[in-house]
Amino acid sequence: MRRERGLTLLELIVLIVLAAIVAGLAAPKLLEERRVRKAIHDVQVIAGACREFKRKFGRFPKSLEELVETKRSEEWGIPFLKEIPRNPWGGRYVLDLRRLKVGIPEDDERVPPKYRLGGIAEISEVIEEGASLW
């Protein structure tokens, strides 16, 4: 008698269940990494706009809103930022002029504490090394 090689329905179901378990365990980690990469990109873009603002006006913006409201060039009417992005957890970014950093505020409850300004893995970008506010 000849036996056919292949998967039985039960074996196929077991494989699908195992694949679903592995995917379920990996998904939160991948989502978190994606959020962190997006936040890092956002703060780099915002910090770059702050540096560009300082080159043009000789001072840093007083707020992130000033980057959206102020035109880079009156001729073209282009602002330093089109809009202030929301962080990937749904919160906001802040410009901390005391530390000359752009980052996630310390009081944003939606963001894990380690990623906020002052956290062990804070997501921030220094606007200018060794510069004073004035």
Side-chain angles (χ1 to χ4, degrees):
M1 192 174 220
R2 197 172 144 207
R3 234 184 125 145
E4 294 289 324
R5 295 278 182 212
L7 294 176
T8 65
L9 182 58
L10 181 61
E11 290 170 330
L12 184 60
I13 290 171
V14 168
L15 283 175
I16 291 172
V17 167
L18 287 174
I21 290 170
V22 169
L25 293 173
K29 177 83 171 139
L30 293 174
L31 180 60
E32 188 70 13
E33 286 177 15
R34 183 173 171 215
R35 285 179 173 162
V36 168
R37 280 194 308 273
K38 168 85 168 81
I40 289 170
H41 176 267
D42 287 348
V43 296
Q44 288 173 341
V45 168
I46 295 168
C50 289
R51 286 189 283 272
E52 202 172 317
F53 187 98
K54 183 174 185 203
R55 275 194 293 276
K56 179 159 175 87
F57 296 109
R59 66 173 179 84
F60 291 112
K62 294 180 176 91
S63 67
L64 294 180
E65 288 75 20
E66 193 172 5
L67 294 171
V68 175
E69 296 163 359
T70 307
K71 305 299 181 212
R72 233 181 255 211
S73 160
E74 293 305 318
E75 183 179 333
W76 295 97
I78 301 169
F80 288 88
L81 286 178
K82 284 192 238 177
E83 64 181 2
I84 302 162
R86 303 292 292 171
N87 71 46
W89 293 271
R92 60 192 170 84
Y93 293 105
V94 292
L95 173 60
D96 184 341
L97 290 174
R98 285 181 295 117
R99 295 182 263 187
L100 291 174
K101 284 185 175 183
V102 173
I104 298 170
E106 296 170 46
D107 62 351
D108 192 333
E109 298 293 323
R110 292 171 278 211
V111 180
K114 68 181 179 180
Y115 299 133
R116 301 179 208 162
L117 287 172
I120 59 170
E122 78 175 31
I123 297 172
S124 66
E125 178 82 10
V126 175
I127 300 170
E128 189 171 45
E129 289 288 340
S132 68
L133 181 57
W134 316 113

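Along the sequence shown, the residues carry numbers beginning at 1. Quick note: numbers below take in every heavy atom, side chains included, and nothing from hydrogens, waters or symmetry partners.
- Two residues are said to be in side-chain contact when any heavy atoms from C-beta on lie closer than 4.5 Å; V68 and K82 fail this criterion.
- Side-chain contact between F80 and K56 is present, with at least one heavy-atom pair separated by less than 4.5 Å.
- One distance of note links CZ of R55 with SG of C50; it measures 11.0 Å at 0.5 Å rounding.
- Nearest heavy atom pair, residue R98 against residue D96, reads N-OD1, 3.0 Å.
- You'll find the side chain of L67 reaches within 4.5 Å of the side chain of L64, heavy atoms only.
- Contact annotation: the side chain of L95 approaches that of P61 to within less than 4.5 Å [non-hydrogen atoms, C-beta and beyond].
- For the pair E106/E122, no side-chain contact is recorded, criterion being any heavy-atom separation below 4.5 Å from C-beta on.
- Put simply, the residue from R37, R34, K38 that forms a side chain to side chain contact (heavy atoms under 4.5 Å, CB included) with P88 is K38.
- If you take OG on S124 and CZ on R116, they are separated by 14.5 Å, rounding to the nearest 0.5 Å.
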Report task. Evaluate side-chain contact (heavy atoms from CB on, under 4.5 Å) for V45 paired with L81, printing each intermediate quantity in order. Result -> CA-CA 9 Å; V45 168; L81 286 178; 4.0 Å; yes
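- Using a distance-only test at 3.5 Å, with no hydrogens or angles considered, no donor-acceptor pair links the side chain of E32 to the main chain of K29.
- Taking a 6.0 Å sphere around CZ of R110, one finds it holds more than 12 heavy atoms contributed by other residues, nucleotides or ligands.
- Note: the hydrophobic cluster containing I40 does not contain L31 (ILVMFWY, side chain heavy atoms under 4.5 Å, direct or indirect links).
- Under the 4.5 Å side-chain heavy-atom criterion for grouping Ile, Leu, Val, Met, Phe, Trp and Tyr, L97 is connected to I84 within one hydrophobic cluster.
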Query raised in the report: For R35 and D42, what are the C-alpha separation, side-chain angles and deciding distance, and is it a salt bridge (Lys or Arg N to Asp or Glu O under 4.0 Å)?
Result: CA-CA 10 Å; R35 285 179 173 162; D42 287 348; over 6 Å; no
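- Using a 4.5 Å heavy-atom cutoff, the side chains of R59 and K54 are not in contact.
- A distance of 10.0 Å separates NE2 in H41 from CD1 in I46, rounded to the nearest 0.5 Å.
- Under the 4.5 Å side-chain heavy-atom criterion for ILVMFWY residues, no single connected hydrophobic cluster contains both I13 and L15.
- Grouping the Ile, Leu, Val, Met, Phe, Trp and Tyr side chains by contacts below 4.5 angstrom, directly or via other members, places V17 with L9.
- Nearest heavy-atom pair across E125 and V43 is CB-O, 3.8 Å.
- Hydrophobic cluster membership differs between L117 and I123, with clusters built from Ile, Leu, Val, Met, Phe, Trp and Tyr side chains linked at under 4.5 angstrom.
- Around the NZ atom of K71, the shell of radius 6.0 Å holds more than 12 heavy atoms that belong to other residues, nucleotides or ligands.
- In this structure the side chain of V94 never reaches within 4.5 angstrom of the side chain of V102, judged on heavy atoms.
- Using a 4.5 Å cut-off on side-chain heavy atoms (C-beta onward), D108 and W89 make no contact.
- More than 12 non-hydrogen atoms from other residues, nucleotides or ligands lie less than 6.0 angstrom from CG of L18.
- From I104, atom CD1 reaches atom OH of Y115 across 9.5 Å, with rounding to the nearest 0.5 Å.
- In terms of heavy atoms, D107 sits closest to R92 at OD1-NH2, 3.6 Å.
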